[in-house]
Novice: 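Dumping the structure here so I can ask a few things about it.
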Amino acid sequence: MSILRAGDERFHYSDGSHRWIPPDPDYDQEVWDEQVRQHKHGHLRNERPRVRVQRLV
């Protein structure tokens, strides 16, 4: 599970998927692609392994 930080909203649609087309049509697509790539890499860096703990009764 990734963590959304302040400022991440611009990289996501309301359903949580990543926005591959810049919100501003005049924005350079190549620059946007690199920013989204770095943003997604940030998700991976912040992931923590999920451990499920079960109690034996």
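The shown structure was predicted, so the numbers you read here are calculated from the model rather than taken from an experiment.
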Novice: Looking only at the aromatic ring of each residue, does the gap between the centers of Phe11 and Trp32 stay below 6.0 angstrom?
Specialist: yes
Novice: Measure the shortest side-chain to side-chain distance between Asp8 and His39 over non-hydrogen atoms and say whether it is less than 4.5 angstrom.
Specialist: yes
Novice: What's the shortest heavy-atom distance between Trp20 and Gln29, and which atoms?
Specialist: O-NE2, 2.8 Å
Novice: Decide if atom CD of Gln38 counts as having more than 12 heavy atoms of other residues, nucleotides or ligands within a radius under 6.0 Å.
Specialist: yes
Novice: Heavy atoms, side chains only, cut-off 4.5 Å: are His12 and His18 in contact?
Specialist: yes
Novice: State yes or no: do Val36 and Tyr27 share one hydrophobic cluster built from I, L, V, M, F, W and Y residues joined by side-chain heavy-atom distances below 4.5 Å, directly or via other members?
Specialist: yes
Novice: Kindly give the heavy-atom pair with the smallest separation between Pro23 and Arg10, and that separation in Å.
Specialist: CG-O, 4.3 Å
